[in-house]
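Written below as structure tokens is the structure these notes are about.
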Amino acid sequence: MRNSHRLRFSKLGRAKYISHLDLMSTFQRAFLRAGIEIKHTEGFHPHAFVSIPLPLSVGFSSECEVLDFELVGETAKESVPARLNAVMPEGIVVQKCYDAQTPVKALTYVNYILSLEYENGAPFGAETAIRELLGREGLVVVKKSRKAKSGQVEVDIIPLIAKYTCEGRRDTIALDVVIRAQNPGLNPELIMKAIRTECPDAAPDFVTFHRKDVLDAGFRSWE
């Protein structure tokens, strides 16, 4: 008997530097070590079939990663998180395992927290400048593209930003954004590129990216 299931897990600390391919391998090994039987690919060199619908960029942390797989046999889904966590590397924690009923195409938005850090304190007017920038009717940013002959394409990122708040503190500016996840999606690094290009005085010395939640079209948590 095969059941389609989904994991929700976090990727924090040093684990945020694990690449997507290495993360897939990590889970494949973890299922094996935990003694959890799941569906495998066919052929001479079968491997555990796992899928992460929305790969996370290296260096990004997250509390809402999702992995799809198929249980084989009678393993209870309630036992999966604890068994996997016992063999997982530091920083990867499986929060829950549940039936995968919502299609991946329903994953519409991603909520990110961008922390802009300044060694000498946030510049005067930086918060206002960022708000005004993201409040424009259009904001074109150049990004790399393998499909374009030139290797680059222009993207208006404003239609891809559904919501945002900007909160200034002494040494940081916290930018909370809800952006399109797919078809097309927006990499939050393009928002930072726009800030550095259009508002150079507001450019931070360092920035971190944290994925807070994945959402459906109604801005509800996607599961």
Side-chain angles (χ1 to χ4, degrees), residues 1-13 15-16 18-43 45-58 60-113 160 162-163 176-188 209-223:
M1 178 180 179
R2 287 179 176 174
N3 300 306
S4 180
H5 285 79
R6 184 166 287 156
L7 296 179
R8 176 71 72 108
F9 66 97
S10 57
K11 189 168 180 268
L12 305 171
K16 70 181 183 180
I18 299 175
S19 70
H20 175 63
L21 290 179
D22 286 341
L23 182 63
M24 297 283 280
S25 298
T26 296
F27 269 97
Q28 290 169 357
R29 292 192 299 269
F31 278 112
L32 181 62
R33 291 171 180 170
I36 300 172
E37 188 178 0
I38 67 172
K39 179 183 176 181
H40 281 63
T41 59
E42 299 178 355
H45 302 287
H47 61 271
F49 181 81
V50 294
S51 173
I52 296 178
L54 202 62
L56 188 69
S57 297
V58 174
F60 286 26
S61 60
S62 174
E63 58 190 85
C64 60
E65 292 308 280
V66 175
L67 178 140
D68 286 351
F69 67 103
E70 288 188 19
L71 282 173
V72 177
E74 301 299 326
T75 300
K77 63 178 181 289
E78 294 80 8
S79 69
V80 171
R83 292 170 66 176
L84 286 178
N85 287 335
V87 296
M88 278 293 180
E90 179 186 351
I92 298 177
V93 178
V94 178
Q95 301 156 358
K96 60 180 178 178
C97 176
Y98 52 97
D99 295 334
Q101 297 180 341
T102 308
V104 172
K105 66 181 180 180
L107 201 171
T108 310
Y109 298 105
V110 188
N111 182 196
Y112 279 99
I113 305 297
L160 305 179
K163 302 178 181 181
D176 187 329
V177 295
V178 176
I179 59 180
R180 289 286 305 189
Q182 54 184 343
N183 303 320
L186 174 63
N187 188 324
F209 299 86
H210 179 71
R211 187 182 281 178
K212 187 176 180 180
D213 205 358
V214 284
L215 310 167
D216 63 16
F219 300 102
R220 298 175 294 267
S221 186
W222 176 86
E223 294 187 344

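Numbers here simply count residues along the sequence, with the first being 1. Keep in mind the model is a prediction, meaning the values are calculated, not measured.
- The side-chain heavy atoms of L215 and V178, taken from C-beta on, include a pair separated by under 4.5 Å.
- In this structure F49 satisfies the side chain to side chain contact (heavy atoms under 4.5 Å, CB included) test together with T41, sequence neighbours excluded.
- We find the CG-NZ distance between D176 and K163 to be 10.0 Å, quoted to the nearest 0.5 Å.
- Residues G185 and L160 share a closest heavy-atom pair of O-CD1, 4.2 Å.
- Counting all heavy atoms, side chain and backbone alike, I18 lies closest to K11 at O-NZ, 2.9 Å.
- Among pairs with a residue in residues 78-96, those fulfilling side-chain hydrogen bond (donor to acceptor under 3.5 Å, both in side chains) read R14-E90, K96-E223, at least two apart in sequence or across chains.
- Between F31 and F69, the distance separating the two ring centers is shorter than 6.0 angstrom.
- Applying the side-chain hydrogen bond (donor to acceptor under 3.5 Å, both in side chains) criterion to S19, with sequence neighbours excluded, gives D22.
- Taken to the nearest 0.5 Å, the NZ atom of K16 stands 12.5 Å off from the OG atom of S57.
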*For the pair E65 and L23, evaluate side chain to side chain contact (heavy atoms under 4.5 Å, CB included) and give the outcome as yes or no after the intermediate values.*
CA-CA 11 Å; E65 292 308 280; L23 182 63; 5.6 Å; no
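- In this structure, D68 and A100 approach most closely via the heavy-atom pair OD1-CB, 4.4 Å.
- Residues satisfying the side-chain hydrogen bond (donor to acceptor under 3.5 Å, both in side chains) criterion with E63, sequence neighbours excluded, are H210.
- Evaluation of the ring-ring contact (aromatic ring centres under 6.0 Å, His included) rule for Y98 yields no partner, not counting sequence neighbours.
- Minimum heavy-atom separation, L107 to Q182: O-NE2, 2.7 Å.
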*Run the numbers on H5 and D99 for side chain to side chain contact (heavy atoms under 4.5 Å, CB included), then give the verdict.*
CA-CA 5 Å; H5 285 79; D99 295 334; 3.3 Å; yes
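- Rounding to the nearest 0.5 Å places OG of S62 at 7.5 Å from OH of Y112.
- W222 places a side-chain N or O within donor-acceptor distance of the main-chain N or O of P103, the cut-off being under 3.5 Å.
- Side-chain contact between I92 and F9 is present, with heavy atoms from C-beta onward closer than 4.5 Å.
- The shortest distance between side-chain heavy atoms of F60 and N187 falls below 4.5 Å.
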*Please assess F27 against V94 for the test side chain to side chain contact (heavy atoms under 4.5 Å, CB included), listing each intermediate value before the final yes or no.*
CA-CA 11 Å; F27 269 97; V94 178; 4.2 Å; yes
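- Taking each heavy atom of P53 and V66 in turn, the nearest pair found is CD-O, 3.3 Å.
- Using a 4.5 Å cut-off on side-chain heavy atoms (C-beta onward), K77 and T75 make no contact.
- Heavy atoms only, all atoms of each residue included: C97 and P81 are closest at N-CG, 3.8 Å.
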*Apply ring pair (Phe, Tyr, Trp, His ring centres under 6.0 Å) to F219 and Y109, showing your working.*
CA-CA 7 Å; F219 300 102; Y109 298 105; 4.6 Å; yes
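- A search for side-chain hydrogen bond (donor to acceptor under 3.5 Å, both in side chains) contacts involving R29 returns nothing, not counting sequence neighbours.
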*Does the side chain to side chain contact (heavy atoms under 4.5 Å, CB included) test come out yes or no for V50 and L7, once each step is laid out?*
CA-CA 10 Å; V50 294; L7 296 179; over 6 Å; no
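- Side-chain contact between N111 and R211: absent, with no pair of heavy atoms (C-beta onward) separated by less than 4.5 Å.
- For T26 (side chain) and M24 (main-chain N/O), no donor-acceptor pair under 3.5 Å exists by modelled atom type.
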